[in-house]
Undergrad: 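To start, I am sharing the structure in question, which I have written as structure tokens.
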Amino acid sequence: MMNLPRLFGGRAASGRAASAPVARERLQILLSHERGLRGQPDLLELLRAEILAVVSRHVVLDPEKVVVRMERGNNVSTLEVDIEVPNAVEIMIAAAR
Amino acid sequence: MAKVLVVTSGKGGVGKTTSTAALGAALAQMGEKVVVVDFDVGLRNLDLVLGAERRVVFDLINVVQGVAKLSQALIRDKRLENLWLLPASQTRDKDALTDEGVSSIIADLRTRFDWIICDSPAGIERGAMLAMRYADEAVIVTNPEVSSVRDSDRIIGMLDSKTVKAEKGEQVEKHVLVARYDRARAARGEMLSIEDILEILATPLLGIIPESQDVLRASNVGSPVTLNDATSAPARAYIDAARRLKGETVAMMVPVERKGLMDRLLGRRAA
């Protein structure tokens, strides 16, 4: 009779809820995230290089002053691009060419 | 044609060395000429599990560095004439392993053996990378536990990208070997089931090795579990797995996940 709860509602013998489904769900969430990152560990570096290239077409930039940061939140992630542009003297507007 | 098989896992302590010894011995008993190679430089243990620890003179690093010939470093098993061991160095650093050295040793072993089974160290460092580098096939040893499954997933990703086969646009043939499986606990929902593991890893199953005292008993006396007591549950599971590696079709003894009413009522004691 002590085992009756197990016959209903998928409870483990101890009376606690079965933990394996929790393990499975946690793994599925974690691994889908980790697999997404795999093979592109330098995504940020790639973004940085391409942003630098685009902006450099119009503005003279110090490559060291282009910072790309990714922050992961629960619902949304933010991509922060911080570009330090030198003062007007050095700015070249493409249209001026 | 010779096959290079890596036994790997990422996580330590899941049963790589036990599985290497057991599968190697099982294949040798089937008439295949097998060499098991220990890549765990600095922490070798395959010699101990095989009961050959007192016969090691030269090792993998000695061969890589040209100090010894391959034939001098190979140790023939005393029980199985088809089984050989290439031990790792216990004193050297793992950095002594080089890609070129491993490449040439594997090429040489391919001319002498049917199976070259590489026992990978834990982790994803140089030793583990080199153990899988030249593999045609891989056995990923996984325990039904979250950290082991996660590490297996990572290793599968590396097999698909960092091996010579992957770089040539081919695939290393991968198999998951679930070890330390307790079917009663899985049936009670206390342990990831085989279905859970296969669904998450999306890799075919090579075998299910039950949690068993026979494994420790065999390693205590320095004998592969398949040789120590061929009728024990883990030995039978490894022998079936070895037959599948040879391409035979062997019915998978997947432990029953859903038990009958009486089994479930009595389930705790049946374990």
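A, B, ... follow the sequence lines: proteins, then strands. Residue 1 opens every chain. Heavy-atom basis, side chains included; hydrogens, waters and symmetry copies ignored. Predicted model, so just to flag it, every value in this text is computed and none were measured.
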Undergrad: Could you tell me whether A/Arg48 atom CZ has more than 12 heavy atoms of other residues or ligands within 6.0 Å of it?
TA: yes
Undergrad: So how far is it from B/Arg185 CZ to A/Ser19 OG, rounded to the nearest 0.5 Å?
TA: 7.5 Å
Undergrad: For the residue pair B/Leu192 and A/Ala23, what are the closest heavy atoms and their distance?
TA: CD2-CB, 3.8 Å
Undergrad: Look at atom CD of B/Glu167 and say whether more than 12 heavy atoms of other residues, nucleotides or ligands are closer to it than 6.0 Å.
TA: yes
Undergrad: Can you tell me how far apart CD1 (B/Ile156) and CZ (A/Arg35) are? Round to the nearest 0.5 Å.
TA: 7.5 Å
Undergrad: To the nearest 0.5 angstrom, please state how far the CZ atom of B/Arg150 sits from the CG atom of A/Leu31.
TA: 7.5 Å
Undergrad: Does any backbone or side-chain atom of B/Glu145 lie under 4.5 Å from a heavy atom of chain A? Answer side chain, backbone, both or neither.
TA: neither
Undergrad: Would you mind telling me which of B/Ile197, B/Ile200, B/Val149 makes a side chain to side chain contact (heavy atoms under 4.5 Å, CB included) with A/Arg24?
TA: B/Ile200
Undergrad: Compare every heavy atom of A/Ala18 with every heavy atom of B/Gly189, then report the nearest pair and how far apart it is.
TA: O-CB, 3.3 Å
Undergrad: Using a cut-off of 6.0 Å, state whether more than 12 heavy atoms not belonging to B/Arg180 lie near its atom CZ.
TA: no
Undergrad: Does CD in B/Glu170 sit with more than 12 non-hydrogen atoms of other residues, nucleotides or ligands closer than 6.0 Å?
TA: yes
Undergrad: Is the number of heavy atoms from other residues, nucleotides or ligands under 6.0 Å of A/Glu25 CD greater than 12?
TA: no
